[in-house]
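Beneath this line is the structure, given in structure tokens, with notes to follow.
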Amino acid sequence: MKRLSLLIYIIAATLGLSAQNTIEVAVLSINDFHGGFVRDDFKGIPGAASVVQTIDSLKQIYPCNIVVSAGDNFGGSYFYQATRSRTLFPQFFQDCGITLSGIGNHEFDEGQAQMMDCWKTGVSLRPAGWDMEYISANIRCDATSDMRTDGTSRPRFCKPYAVREISLPDGRKFSIAFIGLTTSSTPLQASASKLKGLSFCGDVCAVLDSLAHTPGYDAVRQANARLILTHQGTRMKQVQRGMMTQLIPTWDDADSLNLTRLNDAQFAGIISSHSHQPVCGTINELPYPILQGCNCGKYIGVMKFTLDGTTLEVVNVEPSLVPVTPKTQFTPKAARLQAQIDELLADTHTRAGTPIGDYLTTCRADIPFDRVLMHHDQTRMGQLVTNAYAAAARQQQGFTADDLIVGVTHIGSMRCGLSAGPVRVLDIGEVLPFDNAMRVYKVTGRQLRELIDYGLHNERYGYLQFSNLTPTMDKKRHVKSLTYTHTDGRQVKISDKATCYIVADEFLAGGGDGYDPALFPAAQEMQGLNMPHITDAFINYLKTQPEI
């Protein structure tokens, strides 16, 4: 009995010694933040202040840490666009401790020069001493690009990798090399003018092999660990294994086939982004620990390294996701950031002068909108937006109550729905974040019918949204006729020779989302109108609605 007790004691003591002789290091990450500064419970966005507070809590759990971003830091955010000259991004990243980011397609929204600038100029709220570094190994510049680094094909706005050191409790340093990658589908998701001279290689294995033969790569080899920080998407896939159904990570990107072939043992794990899905587990044959924290700060990724306390060798890597819940009480640092956000909401105005924090109307019930799931639907949100376009034109001099005015929009112009309750200007800005100019065209009933017919067969980009019209279709789903409903409820069938007015944004009228510009004849555009931009048109319309 004594011998058994002694054996148990020896085992316990050995296990305790083993546990004491390890060190935990954590890489914390955000991805696809998309300027999600303002809390939005309907969309599940916790707000930047809650992200900061959650990261600070994780830093208490993991004192040896580094925080990084996997790209798409902004893009599609009305708050970011409206507050650009006073953007809180540098302050937010400073509060999080982020000085390193991958490159997503939305990093190119403001152009290559702005990315290289890293919010250094034209921004009044940049903390002193904060700096930013972008990494991506598979972006190339052609010989004509003024962003080309001398003697290489690499762009000047980023490096292929970066090495960061984490201080350990005993004063030693643990170094992690981050290798950046960007999806090769970027040219399909960013303006061609912003990508001038650039190409994106999707052959990940070839890129990484080539990188390993470049001067300076010894810094990566000599790091204690190496992670891939990539703006290439993943998702959780359901698989059947015997009697068990499991969810496992899988690639969900234009480069998926090449990414699946990646099985280089030098890399300890992968932080992915781009597909806006929460992902955690292992991937590929090797397999790699991988994580992806959804979008807009909804999750913080934690890649935890367990180190041998003597040699600093990595003995285990464990990925996990920590949900960010909106906070009711803030720590001083998070409260200061929230106060800055609130101040910008009160002091920032739309193009037409409305404070973005103002309330406009009340939404009786949730108005859901998903431009992917509703790709081929006529939506309630589309109806509201196009009603606003038509109302904006009707307020112009020369139009009467009897004129046939039809607002139209492409489904991709709208980015979210509205939740039940008060509706703010900011909410409308998030619905229509691309504040395009409006155009009005005087057309015949036949031209209007041709546009509607084309829009209801736009399978790739989604069906046209329109106001005040009821189409009649033949057996092949082509539009035979259109009935117009006036604002007072009167209905009239539109003849081919009738005079009609189409109101659209300049993106659609210019051939965006697959529309032929001939559907919006330049010679028939009405000149001299003082039309608002689309976001202000929607704001002005909702001011006239006690509820929607």
Inset, instruction - State which residue, out of F434, Y461, F507, fulfils the ring pair (Phe, Tyr, Trp, His ring centres under 6.0 Å) condition with H410. - result: F507

Does a donor on one side chain sit under 3.5 Å from an acceptor on the other, for [X] and [Y]?
| X | Y | result |
| --- | --- | --- |
| Q277 | D252 | no |
| N224 | S175 | yes |
| Q338 | D342 | yes |
| Q189 | S185 | yes |
| W251 | N258 | no |
| S136 | T182 | yes |
| T183 | Q232 | no |
| S273 | H231 | yes |

Heavy-atom closest contact ([X] atom, [Y] atom, distance):
| X | Y | value |
| --- | --- | --- |
| V220 | R226 | O-NH1, 3.0 Å |
| D427 | P422 | OD2-O, 4.1 Å |
| H34 | G75 | ND1-O, 3.0 Å |
| S184 | A254 | OG-CB, 4.4 Å |
| S145 | K196 | OG-O, 4.5 Å |
| Q292 | S275 | NE2-OG, 2.8 Å |

Tell me if the [atom1] atom of [X] is crowded by more than 12 foreign heavy atoms within 6.0 Å.
| X | atom1 | result |
| --- | --- | --- |
| K159 | NZ | no |
| Y161 | OH | yes |
| K333 | NZ | yes |
| K43 | NZ | yes |
| R221 | CZ | yes |
| Q240 | CD | yes |

Measuring only between side-chain heavy atoms, which start at C-beta, is [X] closer than 4.5 Å to [Y]?
| X | Y | answer |
| --- | --- | --- |
| F37 | V51 | no |
| M303 | L28 | no |
| L307 | V25 | yes |
| Y78 | T350 | yes |
| I271 | T230 | no |
| I428 | L418 | yes |
| S413 | L432 | yes |
| M236 | I248 | no |

How many angstroms lie between [atom1] in [X] and [atom2] in [Y], if you round to the nearest 0.5 Å?
| X | Y | atom1 | atom2 | answer |
| --- | --- | --- | --- | --- |
| N263 | N284 | CG | CG | 5.0 Å |
| D264 | L286 | CG | CG | 8.0 Å |
| Q53 | T331 | CD | OG1 | 4.0 Å |
| I30 | C296 | CD1 | SG | 10.5 Å |
| I367 | C416 | CD1 | SG | 11.0 Å |
| L181 | D253 | CG | CG | 10.5 Å |

Strictly distance-based, threshold 3.5 Å: is any side-chain N or O of [X] a donor or acceptor partner for the main-chain N or O of [Y]?
| X | Y | value |
| --- | --- | --- |
| T152 | R148 | no |
| H274 | S272 | no |
| N316 | T306 | no |
| K194 | D109 | yes |
| N31 | S69 | no |
| D366 | P368 | no |
| D308 | T311 | yes |
| N295 | D32 | no |
| S50 | K327 | yes |
| T214 | L211 | yes |

Determine, for [X] against [Y], whether the closest basic-nitrogen to carboxylate-oxygen distance falls under 4.0 angstrom.
| X | Y | value |
| --- | --- | --- |
| R84 | E110 | yes |
| E24 | K304 | yes |
| D95 | R336 | yes |
| R164 | E133 | yes |
| K120 | D131 | yes |
| D41 | R39 | yes |

Legend entry - Verdict with reasoning, I270 to L227, per side-chain contact (heavy atoms from CB on, under 4.5 Å): CA-CA 6 Å; I270 301 172; L227 283 176; over 6 Å; no

Legend entry - Audit row: Y134, N73, side-chain contact (heavy atoms from CB on, under 4.5 Å) steps and yes/no: CA-CA 11 Å; Y134 283 114; N73 299 309; 4.1 Å; yes

My understanding is that only residues two or more places apart in sequence, or in another chain, count here; which of them pass side-chain contact (heavy atoms from CB on, under 4.5 Å) with [X]?
| X | result |
| --- | --- |
| P127 | P90, Q91, Q94, W130 |
| D209 | H213 |
| S85 | none |

Legend entry - Criterion side-chain contact (heavy atoms from CB on, under 4.5 Å) on I135 and F178, from CA distance to verdict: CA-CA 8 Å; I135 57 171; F178 295 87; 3.7 Å; yes

Inset, instruction - Look at the aromatic rings of F33 and F89 and report parallel, tilted or perpendicular, splitting at 30° and 60°. - result: perpendicular

Inset, instruction - Establish, yes or no, whether a centroid distance under 6.0 Å links the rings of F92 and F74. - result: no

Legend entry - side-chain contact (heavy atoms from CB on, under 4.5 Å) between T282 and I290, worked out: CA-CA 5 Å; T282 59; I290 190 168; 5.8 Å; no

